[in-house]
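See below for the structure under consideration.
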Amino acid sequence: MPIPTRRVSPLLLLPVCLATLQACGGADSPDLVVRTDSAGITIVSNGGADLPPPIVLHEDFRLGGDDSRPEHAFYQVNAGNIGVDDAGNIHVLDASSHRVVSFDGQGRHLRTVGGRGGGPGEMGMPFGLVVEPDGAVGVVDISKRALVRFGPDGSVLEQQPLPEGYRGGNLVAYAGGMIAPSSRADDGRMVSTVVHTTAADSRELVDMTMAEMKPVQLASCGMGFSGMPPVFSPSLRWAANGDRLVVVRSDGYDIEVFDDGVPTFRIRRDMAPTPATTALAVQEQGEGMRVGTEGGYRVCEPQEVVEQLGVAPTIPAIGQLAVAPDGSIAVRRGGVRDTPRAIDLFAADGEYLGTLPPGSPFPLAFLPDGRIAAADTDALDVTRLVVYRVDWRDNVKSGEGGG
């Protein structure tokens, strides 16, 4: 199947000249990209050592982490609680305060909506945020089993039921539909899926049978679970933007790319998963496994969690994915909590472009003018949303890229 042609833009990190990196002053090129065909699907195999990408990120402004300004009094930022609309407005779910705070593309406060409660426009247990292209936002409220929705002007809209089978995870809205995680039981095993939902129908795009699970009782937090997999077990990792969906469902470096619900090609690098150990599994739990309840979060002791769950043989090679509006892809490698990880960059056709060093900002959202939004956590564990400009190294070298 041919690889689709997509508009190339500097929206994320991917200059056209990277396809011929030496001409742009980069390091030696990697092994030639090998494109093979397997059962109608093109496989893009990218060999060779890591290459430095010819980009520099410049901080533009920060949002959050500031008690002196009420609109900035939020302290946690992740891929599930922020979003950007087509006008470049940035929306943040402040779950601890049961509200959504919105800013324009220059960081100026626009509005704050929501509140604690069970009435219209109120939230009982907010979990995640969905931002629609026109600026409407929806908050996943676990207590209501619904999206609490607000219009582009902040008006309260009719709430919407959550997709069938939804048990947590990010939702991605685009014009005409939504892509959502779901799960179902099959012969006693849990199957994770990604579902494409429109007003007319709903269909599974991809699925993955999870590792065998077992019941767990955790005395340290007073919580019980009907089934959980071993620590580091591969999960269904995915990201979407517009009609492009990228998926990983193994512990290897193997990315499946779908366009408009149709599998088009796969991306591979010669990079094996890391052997796992009990010590690394405990480190992965951090200060403990946080479990959300109606009464707030409970924390389960790390050693107990690992003892009861067990440990998978390997740590998956891929940890997190992001897709830019032009179809280019960022891949944060797998690893252990609080360990900086490198970020691989791929063009829209799957060709490897270079690697950002460990600790580089990972894009959580994309602004229409080419900037990216990422999280930055300080020594006090306060996480702020940071917006970055992206400059090419050839401009920086000539003094055009700023400092």
Side-chain angles (χ1 to χ4, degrees), residues 3-4 6-7 9 11-14 41 78-86 90-91 93 127-140 147 160 162-183 192-208 235-250 254-267 318-332 343-350 362-368 372-374:
I3 294 177
R6 285 177 169 264
R7 174 180 57 85
S9 78
L11 189 57
L12 172 57
L13 328 139
L14 311 175
I41 301 297
N78 55 61
N81 72 351
I82 72 167
V84 176
D85 60 36
D86 282 354
I90 302 165
H91 308 273
L93 170 63
F127 175 80
L129 185 70
V130 185
V131 176
E132 300 178 29
D134 66 357
V137 299
V139 177
V140 177
L147 283 172
Q160 177 181 334
L162 293 174
E164 184 177 355
Y166 177 80
R167 289 179 174 84
N170 297 344
L171 304 174
V172 177
Y174 69 98
M178 180 181 295
I179 297 176
S182 184
S183 60
S192 291
T193 66
V194 178
V195 178
H196 179 267
T197 301
T198 67
D201 64 3
S202 179
R203 61 190 173 102
E204 289 185 5
L205 298 179
V206 65
D207 62 28
M208 175 184 176
S235 60
L236 184 62
R237 286 140 288 158
W238 63 276
N241 200 319
D243 62 1
R244 170 156 284 193
L245 168 71
V246 296
V247 175
V248 176
R249 44 181 168 174
S250 72
D254 188 359
I255 304 166
E256 301 172 71
V257 181
F258 296 75
D259 289 298
D260 199 21
V262 177
T264 50
F265 64 97
R266 300 171 81 146
I267 301 171
I318 291 176
Q320 192 173 2
L321 303 160
V323 184
D326 67 349
S328 53
I329 300 165
V331 179
R332 181 150 63 184
I343 300 168
D344 294 331
L345 311 176
F346 296 89
D349 66 357
F362 186 78
L364 302 180
F366 305 90
L367 279 70
I372 66 170

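What you see below is based on every heavy atom in this structure, not just the backbone, and it leaves out hydrogens, waters and symmetry mates. Count residues from 1 along the sequence.
Among residues two or more places apart in sequence or in another chain, the side chain to side chain contact (heavy atoms under 4.5 Å, CB included) test is passed with D85 by A87, N89, H91, V131. Partners of F127 by side chain to side chain contact (heavy atoms under 4.5 Å, CB included), not counting sequence neighbours, listed by chain and number: V140, I142, Y166. Judged as a side chain to side chain contact (heavy atoms under 4.5 Å, CB included), and not counting sequence neighbours, the contacts of N81 are V77, N78, L93. Evaluation of the side chain to side chain contact (heavy atoms under 4.5 Å, CB included) rule for D86 yields P133 as partners, not counting sequence neighbours. Qualifying side-chain hydrogen bond (donor to acceptor under 3.5 Å, both in side chains) partners for R332, counting only residues two or more places apart in sequence or in other chains: Q320.
Among all heavy-atom pairs drawn from S202 and V195, the shortest one is OG-CG1, 3.0 Å.
Using modelled atom types, no side-chain atom of R249 and backbone atom of V206 make a donor-acceptor pair closer than 3.5 Å.
For the atom pair CG of L367 and CD1 of I90, the computed distance is 5.0 Å after rounding to the nearest 0.5 Å. Interatomic distance, I255 CD1 to D344 CG, rounded to the nearest 0.5 Å: 8.0 Å.
Residues L236 and V247 have side chains in contact (heavy-atom distance under 4.5 Å, counting atoms from C-beta outward).
Enclosure of atom CD in E204 by more than 12 non-hydrogen atoms of other residues, nucleotides or ligands within 6.0 angstrom is indicated.
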Would you list the atom pairs, donor with acceptor, under 3.5 Å between side chains in residues 173-180 and any protein atom, with sequence neighbours excluded?
unit_1 : atom_1 : unit_2 : atom_2 : d
Y174   : OH     : H196   : NE2    : 2.3

